[in-house]
Amino acid sequence: MIPDWFNRDTPTTELAQNLIGCLLVHESDEGRCSGWIVETEAYLGFEDQASHSYQRKQTPRLSALYQGLGVFYLYQMRGHILINVVSGYPGQGTGVMIRALEPYQGRDLMAQRRGKSGILISNGPAKLSQALGINMSYYGQSVQGPGLRIDFSQRLSYAKLGVGPRIGIPNKGEWTHKPLRYYIEGHPYLSK
DNA sequence: ACCAGGATTCCCT
DNA sequence: GGGAATCCTGGTG
């Protein structure tokens with residue numbers, strides 16, 4: 001089931017907050033892995049200097065970011081994969097980056113893929129991709145797809161939502177400091 | 001064809 | 001806290 005708040009009119013900032021506590025699931029031939037989303041960042045499109053769609057930039061690599069709400073925009077950086085959920089209307093270029101997970105199902109497999117244990121399994125955007133076993137085949141695919149998907153039917157409850165500046169984007173003027181990062185206050189699996 | 005530049009991670013001091 | 005690893009994309013000549 002898709003919750004009411006998961007629609008194209010929901011502001012990206014609001015979507016980023018609502019995704020906290022949802023479950024990200026990957027079904028593969030190795031088994032099912034999943035984790036609770038505990039940290040996200042909003043990227044606001046044309047005006048946002050840190051967004052890949054800043055100033056309406058369009059390249060083949062960005063196509064999924066312009067597809068509108070409900071698909072994954074995967075981005076490769078230095079051999080790592082970063083996961084985003086596209087928001088808004090087609091052509092808008094906005095999305096939410098998933099920065100950290102608390103492992104839920106398939107913890108052993110996730111630890112094995114990472115070669116690490118504890119918080120090092122998924123306390124970072126590329127770490128969680130590796131832990132889940134994500135590859136670029138999910139680029140532009142629906143978040144309700146059979147492989148990689150968001151499960152809205154269960155939710156991690158938490159006491160307090162934290163807000164702060166996004167990570168890893170220096171020299172972007174006011175956009176470096178805007179409070180567009182959301183997280184579960186005090187959660188052990190937060191990135192950085 | 002070449003080169004600079006990352007929405008990162010890891011390891012070292 | 002700092003720097004190297006590493007690799008793909010896109011802009012430029």
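Please read these numbers as outputs of a predicted model, since none were measured by experiment. Within every chain, numbering begins at 1; the chains are lettered A, B, ... in the order of the sequence lines, protein sequences first and strands thereafter.
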> Side chains of A:L19 and A:I150: does their closest heavy-atom pair fall under 4.5 Å?
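Yes, close enough: below the 4.5 Å cut-off.
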> Rounding to a whole Å, what distance do you find between A:R61:CZ and C:dC7:C1'?
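For the pair A:R61 CZ and C:dC7 C1', the rounded distance is 12 Å.
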> Any chance the rings of A:H52 and A:Y75 have centres within less than 6.0 Å?
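So the answer is yes for these two rings.
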> Taking A:H80 for the side chain and A:A126 for the main chain, is one N or O donor matched with an acceptor at less than 3.5 Å?
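Looks like no, no N/O pair under 3.5 Å.
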> Nearest whole Å is fine: how far is C:dT9 P from A:Y75 OH?
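Answer to the nearest Å: 10 Å.
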> Just say parallel, tilted or perpendicular for the rings of A:H26 and A:Y138, cut-offs at 30° and 60°.
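Rings of A:H26 and A:Y138: perpendicular, as their planes differ by over 60°.
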> How many whole angstroms separate atom CG of A:L62 from atom C1' of C:dG10?
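It works out to 10 Å between those atoms.
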> Under 3.5 Å, is there a donor on one side chain and an acceptor on the other for A:Y43 and A:E41?
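Their side chains do contain a donor-acceptor pair, which is all the 3.5 Å distance test asks for.
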> May I ask you to say what A:R99 touches in the nucleic acid, namely base, sugar-phosphate or nothing, with a heavy-atom cut-off under 4.0 Å?
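If one applies the 4.0 Å heavy-atom cut-off, A:R99 turns out to touch the sugar-phosphate alone, with no base involved.
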> Please list, in 5' to 3' order, the outermost nucleotides of DNA chain B lying under 4.0 Å from any heavy atom of chain A.
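In short, chain A contacts DNA chain B from B:dG6 to B:dC11.
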> Nearest 0.5 Å, please: how far is CZ in A:R166 from OG in A:S51?
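A:S51 atom OG to A:R166 atom CZ measures 8.0 Å (nearest 0.5 Å).
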> In whole Å, what separates the P atom of B:dA7 from that of C:dG1?
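Between the two P atoms, the distance is 22 Å.
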> Figure out the NE2/C1' separation between A:H80 and C:dT6, and round it to whole Å.
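From A:H80 NE2 to C:dT6 C1': 8 Å.
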> Answer with base, sugar-phosphate or nothing: what part of the nucleic acid does A:R114 contact at a heavy-atom distance below 4.0 Å?
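Sugar-phosphate only.
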> When you measure from the side chain of A:S129 to the backbone of A:I134, do you find a donor-acceptor pair of N or O atoms at a distance under 3.5 Å?
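Here the side-chain-to-backbone pair does not exist.
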> Strictly by modelled atom types, are A:Q130 and A:R113 linked by a side-chain donor-acceptor pair under 3.5 Å?
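Checked: A:Q130/A:R113 side chains show no N/O donor-acceptor pair below 3.5 Å.
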> Rounding to a whole Å, what distance do you find between A:M77:CE and C:dC8:C1'?
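Taking CE of A:M77 and C1' of C:dC8, I get 11 Å after rounding.
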> Assign A:A126 to base, sugar-phosphate, or nothing according to its heavy-atom contacts below 4.0 angstrom with the strands shown.
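Here A:A126 touches the backbone only, sparing every base.
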> What does the 5'-to-3' dot-bracket notation of DNA chain C look like when only Watson-Crick and G-U wobble pairs under 3.5 Å count, and pairs to other strands show as |?
|||||.||||||.
> CD1 of A:I81 versus P of C:dC7: gap in Å, rounded?
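Rounding to the nearest Å, CD1 of A:I81 and P of C:dC7 are 13 Å apart.
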> Rounded to whole angstroms, how far apart are NE2 on A:H52 and P on C:dG10?
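From A:H52 NE2 to C:dG10 P: 11 Å.
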> For the residue pair A:F6 and A:F152, does the interplanar ring angle fall in the parallel (under 30°), tilted (30 to 60°) or perpendicular (over 60°) class?
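Plane angle between 30° and 60°, so tilted.
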> How close or far is atom P of C:dC7 from atom CE of A:M136, stated in whole angstroms?
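The answer, rounded to whole Å, is 15 Å.
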